[in-house]
Amino acid sequence: MLCLGIETSCDETAVALCRDGRPVLEKLASQVDVHALFGGVVPELASREHLRRMGPLLGALFAESGLGLAEVDAIAVARGPGLLGSLLIGLAAAKGLALAAGKPLVGVDHLHAHLLAATIGRDDAAYPALGLLVSGGHTQLTLLRSPLSLTTLGRTLDDAAGEAFDKAAKSLNLPYPGGVYLDVLGRGIEADRRLFPRPYLDNRNLDFSFSGLKTAVAAFVAGRPHLRQAVMPDATGPIEAEAWPLELRRVCAAVNFAIADTLRVKVERALAGPASGAVSLLAAGGVAANSRIRDMLAGVARRHGLPLFLPPPALCADNATMIAAAGCRLAAAGLFHDLGLDAVPRGRKVPWDYRPVAPARCAG
Ligand code: KG4
Ligand code: ZN
């Protein structure tokens, strides 16, 4: 099963091929440089960049892989949740290819694909699994009874973990996107565990709320304006942690701790509750690249005697390999969409509306 995956839900334009769930090749164009000027993703610009980059990326994917559209068995596309205008570019590309080549179309839930990315290339995945999804737009705990049977156990009520990182970074005047700066600057520094609150733990549920942490960091920095005055280095080069003031790095370490430990408490609560039957732990999404969170998860897995599945950093962030890999699974199970497939905007749940359909063909 050779599957083409297309990802355009936010600010990465990506296309990839997977064979039987294993990566063949990916071509990805990040738009970070476009949006960095504005300190966040500008939806209109994102759509236009996807449109500009999609054709050349597809051309390069087929040229470099030596494979052709005729050899593809299914075309998978991220249908949401995401920026509506951006998703429509990916859907239009996928539908055009499906129609022209007479290939079946598979709409993929971006969040489902993130979670399955944890087990790409692994033959030892075990279910039921507890999945932690931590990205720029979502923070969720999910019980996976199998790769295709998911139940959400808890979700964020306001900011996602990635937003908490990015907003804390903005308060500290760190370059956009700030999550990776907080991670790298805080590495190897003993965190002051009392500096910031671990938000929304004083309850019995599995939901998250990170907006209070954002406010706490902003208030802390407001009283120490010099923290915002570290000279901004070349944001395109590697992050040299030693070049930054130690006081700022201590703040970064404390933010990392507050987010990682909040996630830890809810993961352990899930393992003691509705996910007590889980035989493995997996985590995914851009924030799963965070070193303190990866260490935290390794500790939880060890204490509970569970195998831990974490994607390599490149498969944590948005990518098309995860869409193609999820597409392989769905297509192999006979789950497809017709050309009426619609996009699902941010904040809405992606319906499980797959059905077996014959590929559409271009007349003549
Ligand atoms: O999954 P993703 O690439 O896009 C969404 O679907 O949202 O996640 C992007 C988020 C951003 O908030 C970014 O700052 C954060 O992941 N992120 C990190 C790290 N790398 C990316 N946050 C903390 N530590 C990192 N190393
Ligand atoms: Zn994502």
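Every number for a ligand or one of its atoms is a count from 1 in the order of the listing. Just so you know, these numbers use all the heavy atoms, side chains as well, and skip hydrogens, waters and symmetry mates.
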Item checked: Contact atoms of ligand 1, heavy-atom distance to Gly162 under 4.0 Å -> 12 (O)
Check: To the nearest 0.1 Å, how far is atom 17 (N) of ligand 1 from its closest protein heavy atom, and which atom is that?
Finding: Gly286 O, 3.7 Å
Checklist line | Top protein contact for atom 12 (O) of ligand 1, by heavy-atom distance | finding: Asp166 OD2, 2.7 Å
Next item on the list: Taking the six-membered ring of Phe196 (Phe, Tyr or Trp), confirm whether the NZ or CZ of Arg198 is under 6.0 Å from its centre and within 45° of its axis.
Entry: no
Next item on the list: May I ask you to identify the nearest protein heavy atom to atom 2 (P) of ligand 1, giving residue, atom name and distance to one decimal place in Å?
Entry: Asp318 OD1, 3.5 Å
Next item on the list: Mind telling me whether Tyr354 and His337 have parallel, tilted or perpendicular rings, with 30° and 60° as the class edges?
Entry: tilted
Notebook entry, point to check: So Phe208 and Phe210, would you call those rings parallel, tilted or perpendicular, with 30° and 60° as cut-offs?
Noted result: parallel
Margin query: Quick test: of every protein heavy atom, which one is nearest to atom 10 (C) of ligand 1, and how far off is it to 0.1 Å?
Written below: Gly136 N, 3.5 Å
Note to self: Could you check whether Ser291 and Asp183, counting side-chain N and O atoms only, form a donor-acceptor pair closer than 3.5 Å?
What the structure shows: yes
Margin query: Could you tell me, atom by atom, which parts of ligand 1 come under 4.0 Å of a heavy atom of His114?
Written below: 1 (O), 6 (O)
Check: To the nearest 0.1 Å, how far is atom 15 (C) of ligand 1 from its closest protein heavy atom, and which atom is that?
Finding: Val287 CG2, 3.9 Å
Note to self: Using only atom types and a distance under 3.5 Å, with no angle test, would you say the side chain of Asn319 pairs donor to acceptor with the backbone of Ala317?
What the structure shows: yes
Check: Are Asp11 and His50 close enough that a side-chain donor and a side-chain acceptor fall under 3.5 Å?
Finding: no
Item checked: Polar protein atoms near the Zn ion (ligand 2) [N, O or S; cut-off under 2.8 Å] -> His110 NE2, His114 NE2, Asp318 OD1
Item checked: His110 neighbourhood, listing ligand 1 atoms whose heavy-atom distance to it stays under 4.0 Å -> 6 (O)
Item checked: atom 22 (N) of ligand 1: nearest protein contact (heavy atom, Å) -> Gly179 CA, 3.5 Å
Item checked: Carboxylate-amine/guanidinium contact Arg22 Asp20, below 4.0 Å -> no
Item checked: Distance-minimising heavy-atom pair for Cys316 and Arg294 -> SG-NH1, 3.6 Å
Checklist line | Leu28 with Leu67, same ILVMFWY side-chain cluster at under 4.5 Å | finding: no
Check: Does Asp207 come within less than 4.0 Å of Arg155, counting only side-chain N to carboxylate O?
Finding: no
Could you give the side-chain donor-acceptor pairs of residues 52-63 under 3.5 Å, partners two or more places apart or in another chain?
{"from": "Arg52", "atom 1": "NE", "to": "Glu49", "atom 2": "OE2", "distance (Å)": "3.3"}
{"from": "Arg52", "atom 1": "NH2", "to": "Glu49", "atom 2": "OE1", "distance (Å)": "2.8"}
{"from": "Arg53", "atom 1": "NE", "to": "Glu49", "atom 2": "OE1", "distance (Å)": "2.9"}
{"from": "Arg53", "atom 1": "NH1", "to": "Ser30", "atom 2": "O", "distance (Å)": "2.9"}
{"from": "Arg53", "atom 1": "NH2", "to": "Glu49", "atom 2": "OE1", "distance (Å)": "2.9"}

Checklist line | Identity and separation of the nearest protein heavy atom to atom 24 (N) of ligand 1 | finding: Asn290 ND2, 3.0 Å
Checklist line | Polar contact flag for Ala317 and ligand 1 (N/O pairs, less than 3.5 Å) | finding: no
Checklist line | Top protein contact for atom 26 (N) of ligand 1, by heavy-atom distance | finding: Asp183 OD2, 2.9 Å
Notebook entry, point to check: Can a donor-acceptor pair be found between the side chains of Asn290 and Arg187 at a distance below 3.5 Å?
Noted result: no
Checklist line | Polar atom proximity, Gly137 to ligand 1 (N or O, under 3.5 Å) | finding: yes
